[in-house]
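All figures in this text were calculated on a predicted structure; none of them were measured in a lab. Chain naming here is simple, since letters A, B, ... match the order of the sequence lines and numbering starts at 1 in each.
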2 protein chains.
Amino acid sequence: MGNPNRDQEYLGKLQDYYGNYRSLPSYAVIGEMLGMASKSAVSALVKRLILAGYVEMTPDKRLAPTNRFFERELADFNVPAGLPAAANDAMSESLTLDEYLIAKPSSTIMVRVRGDSMMEAGIYDGDIAIVERRPAANIGDIVVAIVDNEYTLKELAKDKQGFVLLPHNAAYSPIRPEESLEIYGVMVGLVRKYR
Amino acid sequence: MGNPNRDQEYLGKLQDYYGNYRSLPSYAVIGEMLGMASKSAVSALVKRLILAGYVEMTPDKRLAPTNRFFERELADFNVPAGLPAAANDAMSESLTLDEYLIAKPSSTIMVRVRGDSMMEAGIYDGDIAIVERRPAANIGDIVVAIVDNEYTLKELAKDKQGFVLLPHNAAYSPIRPEESLEIYGVMVGLVRKYR
DNA sequence: GTACTCACAGAACATTCGTTCGCCGTAGCT
DNA sequence: AGCTACGGCGAACGAATGTTCTGTGAGTAC
């Protein structure tokens, strides 16, 4: 049994483990898991995986998966003949959507969108907006702002007269804050569910 | 300084850390991060968090997050004055995005959307479609279909001549399968990430 | 006031961690 | 054949791990 890519198989087992526990085990346990009797073999393997970009060391010297670690989850459409499911039928739930969308959990909140004022930006009534709490935003960001004690989701823009909140729906007109404009947070993601 | 729920703040920092590195640090680092000078305090905290169900120990005695660790509050917009962040409103539920969107993990796949043919349905280039594998679909469903050996995302419709695949973009015309129409799956969710 | 609870400090402890180094066997080359 | 490259073994090592125990100070109830 030649083994050009035994590492791939090892990686797979690590991915499975991570899928189960959302954490990577110690070298000793990895060795046990992969059928290796010595930790030095694991150490070498880990170095290879780091080189290949599948895992990395945190600043605290802990082993952690990188983005590439989860790569197989996403199927791309325009692979002409290749089935999207080909590689990843055993799609264990390694890359969770939460991890994908939410970078700063403690300051992130989900808000259900009401109204159709952002329809032309592909944001519909009933969608869930992932909002990162933050008192400032950039022009062009879609923000949750507090205007007249009410929350609104709009695009932040600026013209000669100052800041404006732009709806994305021809039937609505821009909101020009009269007194003050408070940014509640910035929209960093969108989730929609079909029934 | 009374502190009924200082743990909540600690949990937030842990969540942020995990969001950055996809791994939990050692007790020493946790202590440093939370401003605690002794590991015994961390040990106590961890026990509390385990009791509360936010983290757990893997069979290998490693600290790992549980599902609850990833739960977020879902707030509704038009709460007039109430802060969406209110901890325990009746109208806010807690959930993870995965649980929300993915009902059948084993038959669900994520596909990156290419092209703008569904733009007017709020599905943009670069979005991620959550697709449930299924050989049949209902009229009106948005489906991933295989036509001429290519995958397409369209709305399934039917007229006097048979099945049609409808794009949602005035610039495209409906696709009428010549020979056969194979349904790969049905789109059950959408995820978009802003940068 | 006293008594009790509880979060945290601080230090001692055995256990486990990952690194390192020399050695072995197989695969592929020339 | 000889040679090199390389994945894995086995053991030794210091450093770091998490547990445990005693103390301390603030908060609360009586």
Side-chain angles (χ1 to χ4, degrees), chain A residues 1-66 68-69 105-106, chain B residues 1-66 68-69 87-88:
Chain A
M1 203 118 314
N3 45 358
N5 254 0
R6 211 133 151 58
D7 282 4
Q8 209 60 33
E9 173 196 336
Y10 293 155
L11 177 60
K13 293 198 181 175
L14 282 183
Q15 288 168 329
D16 288 349
Y17 186 99
Y18 190 91
N20 281 341
Y21 301 114
R22 293 204 179 86
S23 111
L24 290 174
S26 72
Y27 284 25
V29 175
I30 294 181
E32 196 175 313
M33 216 167 66
L34 306 183
M36 298 193 293
S38 89
K39 288 187 290 178
S40 60
V42 178
S43 181
L45 168 66
V46 168
K47 278 175 190 162
R48 271 174 270 145
L49 290 181
I50 289 180
L51 259 184
Y54 287 109
V55 295
E56 67 181 352
M57 287 296 182
T58 69
D60 313 310
K61 315 260 185 197
R62 290 231 149 171
L63 203 54
T66 64
R68 174 165 305 166
F69 188 84
S106 71
Chain B
M1 207 110 326
N3 47 358
N5 252 359
R6 209 132 152 59
D7 282 4
Q8 208 61 32
E9 175 196 335
Y10 293 155
L11 177 61
K13 294 197 180 177
L14 281 183
Q15 288 169 328
D16 287 350
Y17 186 99
Y18 191 91
N20 280 339
Y21 301 114
R22 295 207 178 85
S23 111
L24 290 174
S26 72
Y27 283 26
V29 174
I30 294 180
E32 196 175 312
M33 214 165 68
L34 306 183
M36 297 193 294
S38 90
K39 289 186 290 178
S40 64
V42 178
S43 181
L45 168 65
V46 168
K47 278 176 188 159
R48 273 175 269 144
L49 290 181
I50 290 180
L51 259 183
Y54 288 109
V55 295
E56 66 181 354
M57 287 297 182
T58 69
D60 313 310
K61 315 259 185 196
R62 289 233 150 168
L63 201 54
T66 64
R68 174 165 303 166
F69 188 84
N88 45 12

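Remark: A/Lys39, A/Ser40 in residues 31-41 of chain A come within less than 4.0 Å of DNA chain C through at least one heavy atom.
The nearest pair of heavy atoms linking A/Tyr54 to A/Gln8 is OH-NE2, 4.1 Å.
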Next on the checklist: Please determine whether side chain to side chain donor-acceptor pair (under 3.5 Å) holds for the pair B/Asp60 and A/Tyr17, giving the CA-CA distance in whole Å, both sets of side-chain angles, and the decisive distance to 0.1 Å.
Outcome noted: CA-CA 11 Å; B/Asp60 313 310; A/Tyr17 186 99; 2.3 Å; yes
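Here D/dC6 presents its P atom at 15 Å from CG of A/Leu45, a figure rounded to the nearest Å. In this structure, OH of A/Tyr27 is placed 16 Å from P of D/dG7, rounded to the nearest angstrom. D/dG8 atom P lies 14 Å from atom NZ of A/Lys47, rounded to whole Å. The separation between B/Arg48 atom CZ and C/dC6 atom P is 11 Å, rounded to whole Å. In this structure, B/Leu63 places its CG atom 8 Å from P of D/dG18, rounding to the nearest Å. Atom CE of A/Met57 and atom P of C/dG18 are 8 Å apart (whole Å). Look at CG on A/Asp7: it is 9 Å from C1' on D/dG7, rounded to the nearest Å. The separation between A/Ile50 atom CD1 and C/dT19 atom C1' is 13 Å, rounded to whole Å.
A/Tyr10 has no side-chain polar atom (N or O) that falls below the 4.0 Å cut-off from OP1 or OP2 of D/dG7. A close approach under 4.0 Å does not occur between any side-chain nitrogen or oxygen of B/Arg6 and OP1 or OP2 of D/dA26.
Across C/dG18, D/dT17, D/dG7, the shortest atom-to-atom separation from the side chain of B/Arg62 is found for C/dG18.
The distance from atom CG of B/Leu24 to atom CZ of B/Phe69, rounded to the nearest 0.5 Å, is 5.5 Å.
Side-chain contact between A/Tyr21 and B/Arg62 is absent, with no heavy atoms from C-beta onward closer than 4.5 Å. Annotation: side chain of A/Ile50 is not in contact with side chain of A/Glu56 (no heavy-atom distance under 4.5 Å). Contact annotation: the side chain of B/Leu45 approaches that of B/Leu49 to within less than 4.5 Å [non-hydrogen atoms, C-beta and beyond]. B/Tyr10 places none of its side-chain heavy atoms less than 4.5 Å from the side chain of B/Met33. The closest side-chain heavy-atom distance from A/Lys47 to A/Ser43 is below 4.5 Å.
Sorted pairs that involve residues 23-33 of chain B and meet side-chain hydrogen bond (donor to acceptor under 3.5 Å, both in side chains), not counting sequence neighbours, are lacking altogether.
Between the axis at the start and the axis at the end of the helix from C/dG1-D/dC30 to C/dT30-D/dA1 there is an angle of 30°, using five pairs per end and rounding to 10 degrees.
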